[in-house]
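Read through the structure below, which is laid out as structure tokens, and then see the notes.
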Amino acid sequence: MLVDLDYFYAQSEELRNPSLKNKPVVVCVFSGRTEESGAVSTANYIARGYGVRSGMPIYLAKKKLESVDAAFLPVDEKLYTGTSDKVMQLLRVYADEFEQVGIDEAYLDITKRVQGSFQNAENLANIIKSELRNQLGLTCSVGVGPNKLVAKIAADEKKPDGLTIVEPDRVRGFLEPLAVDRLLGVGLKTAKKMAAMSICTIGDLARYDVQRLISTFGRTRGTYFHNASIGVDDEPVKEKGEAASLSRIATLVQNTSDLRVVLEKANELCVDLYANIVEQKRTFKSVSIILIAKDLSVYSRSRTLESSSNSLELMERVAGELFEAFLSENPIELRRVGVKLSGLSGIGMGQKQITGFFGSRQD
DNA sequence: GTATGCTTTCGGC
DNA sequence: TTACGGCCGAAAGCATAC
């Protein structure tokens with residue numbers, strides 16, 4: 001079962017301030033460049049009715065709502081994390097195995113407790129929906145299926161406040177007419193590539209020769225696409241560990257190719273990241289930089305250290321060198337810059353390394 | 001050949 | 001027609017090690 005909270009950020013705002021419920025609510029990431037620059041994070045369904053969508057420039061969302069009394073609110077991550085924690089605590093109780101995905105979704109393996117019965121699963125889904133509504137005042141959309149892949153697509157089928165059950169013998173028929181981009185891993189680029197191969201629906205994909213898929217998309221993705229198209233998926237519902245990377249990205253006040261301006265911002269991001277790794281008592285092994293040009297094209301560069309570190313000075317130095325090297329080779333105007341730390345591990349360390357070590361001894 | 005590590009890009013929310 | 005965030009993980013593509 002997949003439980004997906006509806007228009008989560010905007011719904012959290014409605015929960016805090018119920019007077020928002022009868023008007024368009026647009027939760028925005030303001031970049032700080034000008035009064036209105038930035039993008040829409042989430043909008044409630046009233047705003048969506050006016051054509052507002054996630055990722056849309058705020059300017060455009062305002063234009064679509066210019067004649068309406070609408071609320072444009074800045075993201076309040078603390079509020080949403082608090083709401084999310086309560087939701088997850090509630091959901092966890094109903095699962096044999098539980099896996100939170102992002103801030104607003106969770107997979108629940110309920111096979112054992114419903115004894116494999118989809119009728120029992122439907123009843124449980126309805127109980128969960130009522131509990132979320134009555135205890136927390138939130139609506140969600142739920143998908144139930146024989147595996148994670150089908151549950152996910154089922155949950156997307158009816159929103160908001162939906163419930164879609166897909167029993168095993170209905171899986172093929174359910175997926176067949178849907179657009180390929182409903183599959184996880186098929187975004188704009190892959191969908192275009194598939195369209196050029198006359199693959200538009202999941203059914204088209206299911207009928208396509210596996211070997212051709214593999215030669216076009218590679219072994220891993222080709223096989224995945226084929227299995228996904230016929231609803232085959234054996235990914236377990238499994239608790240996630242700590243995040244493997246930590247990043248900060250920010251928009252510059254003006255586009256620039258001036259290294260000094262970039263480094264000033266980069267160092268701010270490093271300080272923020274440093275506070276985070278100190279708080280989490282973690283170290284980093286790689287430092288990456290992310291560069292977004294004025295035309296919104298994205299670049300990244302990274303360097304792996306010889307040993308793990310928790311030093312702010314080293315982080316700033318490596319990021320600085322990467323920016324310097326990039327800009328001297330590509331003197332382009334930048335709009336946004338970011339810094340990412342990966343290869344994260346706890347200080348003292350070694351859980352992963354130790355299991356990896358013993359695991360590799362077997363052959 | 002297979003496994004592993006690193007860098008870059010893609011895609012989801 | 002333009003306009004435009006901030007994260008995260010997965011996978012590709014390449015190099016090197018076994």
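We name chains A, B, ... by the order of the sequence lines, and we start the count at 1 in each one.
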[X] and [Y] ion-paired at < 4.0 Å:
X	Y	value
A:Asp233	A:Lys148	no
A:Lys240	A:Glu99	yes
A:Arg16	A:Glu13	yes
A:Asp96	A:Lys112	no

Candidate nucleotides [options], ranked by approach to the side chain of [X] - the nearest:
X	options	value
A:Val29	C:dC4, B:dT7, C:dG6	C:dG6
A:Ser31	C:dC4, C:dT2, C:dG5	C:dG5
A:Arg335	C:dA3, C:dC4, B:dT9	C:dC4
A:Ser286	B:dT8, B:dT7, C:dG6	B:dT7
A:Arg336	C:dG5, B:dC13, B:dT8	C:dG5

ask   = Out of A:Leu291, A:Val339, A:Ile292, A:Ile289, which one pairs with A:Ile249 under the side-chain contact (heavy atoms from CB on, under 4.5 Å) rule?
value = A:Ile292

So, OP1 or OP2 of [N]: does either fall under 4.0 Å of a side-chain N or O from [X]?
X	N	result
A:Ser41	C:dG5	no
A:Lys152	B:dC13	yes
A:Thr304	B:dT7	yes
A:Ser37	C:dA3	no
A:Arg33	C:dC4	no

request  = Between protein and nucleotides 7-18 of chain C, map the contacts as a letter string: B base, S sugar-phosphate only, - none, heavy atoms under 4.0 Å, written 5' to 3'.
outcome  = SSS-SS------

What is the separation between atom [atom1] on [X] and atom [atom2] on [N], rounded to the nearest whole Å?
X	N	atom1	atom2	answer
A:Asn330	B:dT8	CG	C1'	14 Å
A:Ile292	C:dG6	CD1	C1'	9 Å
A:Leu2	B:dG12	CG	P	15 Å
A:Arg303	B:dT8	CZ	P	11 Å
A:Leu296	B:dC10	CG	P	14 Å
A:Leu149	B:dG12	CG	P	13 Å
A:Ile290	C:dG6	CD1	P	11 Å
A:Leu305	B:dC6	CG	P	10 Å

Need one value for [X]: base, sugar-phosphate or nothing, where a base atom within 4.0 Å counts as base even if backbone is also close, heavy atoms only.
X	answer
A:Glu36	nothing
A:Gly338	nothing
A:Gly102	nothing

ask   = What integer number of Å spans the C1' atoms of C:dG5 and B:dG11?
value = 15 Å

task = Indicate the ring-plane relationship of A:Phe8 and A:Tyr80, choosing parallel, tilted or perpendicular according to the 30° and 60° boundaries.
result = perpendicular

query = Do A:Asn120 side-chain atoms and A:Val114 backbone N/O form a donor-acceptor pair below 3.5 Å?
reply = yes

key: Same apolar cluster (I L V M F W Y, side chains within < 4.5 Å links), A:Tyr59/A:Met56   = no

